[in-house]
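The block underneath contains the structure these notes are about, expressed in structure tokens.
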Number of protein chains: 2
Amino acid sequence: MTTAVSTQIQLASRPSGWPTAENFRTVQVTYGDLAPGEVRVATEFMSVDPYMRGRMNDVKSYTPPFALDETMTGGAIGRVVESNVDEVPVGALVQHQLGWRDIVQADAAQFRVVPEIPGVSTSVYLGMLGMTGLTAYVGLTAIAQMREGDTVFISGAAGAVGTAAGQIARLLGAKRVIGSAGSAEKVALLTERYGYDVAFNYKDGDIRGQLAAATPEGIDVYFDNVGGEHLEAAIGALNHGGRVAVCGAISAYNATEPVPGPRNMGNIITRSLTLKGFTLGGYLHLAGEFQQHMTEWFGAGKIAHDETVVEGIDHAVDAFLGLLRGENVGKMVVKI
Amino acid sequence: MTTAVSTQIQLASRPSGWPTAENFRTVQVTYGDLAPGEVRVATEFMSVDPYMRGRMNDVKSYTPPFALDETMTGGAIGRVVESNVDEVPVGALVQHQLGWRDIVQADAAQFRVVPEIPGVSTSVYLGMLGMTGLTAYVGLTAIAQMREGDTVFISGAAGAVGTAAGQIARLLGAKRVIGSAGSAEKVALLTERYGYDVAFNYKDGDIRGQLAAATPEGIDVYFDNVGGEHLEAAIGALNHGGRVAVCGAISAYNATEPVPGPRNMGNIITRSLTLKGFTLGGYLHLAGEFQQHMTEWFGAGKIAHDETVVEGIDHAVDAFLGLLRGENVGKMVVKI
């Protein structure tokens, strides 16, 4: 048994609009000897995710806001380095929600032991095999009720959820998968690597026109990671009975004024559309079904899985700010 | 066999914004002798409905636009006065979609014979026992998935669908029913006659504040007949897992500019909301179930059923324009 010094990132102040490095603070926390029932884990990778921007605000939501002057939390994967609990032994790979720190010590119940996958980085548990992949799967299946033969549009398509959703849509039998992203490089990757049939750069403007050109026959399903103009364009392109899985609204997360809503809400009636918002909390019962599918697809080499890896806990804030600016392709993780 | 002169209302021009009497034209049409398979019907009541405003525009929608210089169509109930078809005999009460005329002659397949209800005006087939009641029932059940104990908010609550929806929500076990309408008189009727627990006048402004005051515990279901600010206020008041039946958007029907959308679409994600639009076409299979419920409720005296009756085909246009201005309580019909 030993003590351990842990480097941790705290929320120092709440941003108005875009967050900056000044909103965060790095501290050293010394953990004492392990208490009964506790384990100590060395983080291998921690996740930065768009939803964390919402937790920086002091607003009641589905996840509580980050507390000021306390270490933030989030998905992470690590290795047990000390243990008082037989079921979570030293050397075990564990997934947990106590990210934003390089070493974490807590009750063993906070950690879930997961199997090693030979030849694959453990960070896959934060991405394609973790919450990210599950989010894409739940959005397409339980929320948007995607059917074989549907034309599917996905915004934020080069992001973590988007690269998963495009490939899952194809594997589930979509007729045509259309994606939008924020750079020419990302747009090229969408069609060359992530199974999209057509893609466009929303920063070129006229999202509605670009979407119409990409799919003259309209769309049946829209997986929304972006909100704002993208959602309005999708509501304009949806066919009768179309469905929207409203998963994210990154275009609005740093807004300081209320973001205008879609000006074509009337289509919801005349085309019998359904917009359904979701967060994973209500759909964790689908994790088993998802794991089964994804493990099979992954093992068969049918899933391209990329990450943007930032090295070091000292660059975790940079990684998060870069994510909000769209500097990632695929899942953004911090390697500790 | 005789000929017959029918007075009919045609669409003379398409309005931009609010329609006026100049957009309509009254013509006399002479029907010849009945052809084989035809019947002649004297209209007793014709329906005017908000959705008809949409049909005045030259826009592809779930119902085709009214053709220029042709007689308009819509729900009506009438009595067979001549017949070549045994199944639709003289004297039979028939429901049909060839409104906007005092006499109609067409193939018998266009008419559906319905039973007389002793002591009740035949106009009830255009309202509580017809498409209006069915719309309210479908919206609450199949679309909004209303459950016992839900708190339900209904806009346009003193209108045809609204007076039906409030009462049906109560009969289906709503915990609390809240309505909005456009005058103090209507607001009083909502609580005194139509089973609403609380009601407010949206013309007093601050819809969001009035809704919050009416239901500090939020709402679970919103039945939207109005759109615009009402929809934004409802999205602000909906509890986690809340559901919206998007049925109408009368606030937008006469707009000449795109109507701003809700500025709080983010709630759809954080509160896991569902917005589902519908038109009756996809739900006619629920008519049997609805008739069973409504006949029972109606027979047991549990349904207050009011109409705003305008007399004479020559005032049909006035009735329709008055409807768009909200001059009706309950179903607006024209007595021929």
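Proteins come first, then strands; the chains are lettered A, B, ... in the order of their sequence lines, and each starts at number 1.
- Interface residue B:I269: backbone and side-chain heavy atoms are both found under 4.5 Å from chain A.
- Between A:R243 and B:K276 there is no side-chain heavy-atom pair separated by less than 4.5 Å.
- Contact annotation: the side chain of B:T279 approaches that of A:S272 to within less than 4.5 Å [non-hydrogen atoms, C-beta and beyond].
- Of the listed residues (B:G228, B:G266, B:G281, B:G261), the greatest number of heavy-atom pairs within a distance under 4.5 Å of chain A belongs to B:G261.
- The choice from B:I268, B:V244, B:N267 that makes the most heavy-atom pairs within less than 4.5 Å of chain A is B:I268.
- In this structure, CE on B:M265 lies 10.0 Å from CD on A:E232, to the nearest 0.5 angstrom.
- Looking at B:I143, there are no atoms closer than 4.5 Å to chain A (heavy atoms on both sides), in backbone or side chain.
- Proximity to chain A (any heavy atom under 4.5 Å) is shown, for B:A252, by neither the backbone nor the side chain.
- Proximity of B:T274 to A:T274: side-chain heavy atoms (C-beta onward) are separated by under 4.5 Å at one or more points.
- Sparse packing is recorded around CD of B:E229, with 12 or fewer heavy atoms of other residues, nucleotides or ligands lying under 6.0 Å away.
- Side-chain contact check for B:R263 versus A:V259: every heavy-atom pair is 4.5 Å or farther apart.
- Contacts between A:P262 and chain B at a heavy-atom distance below 4.5 Å involve backbone atoms as well as side-chain atoms.
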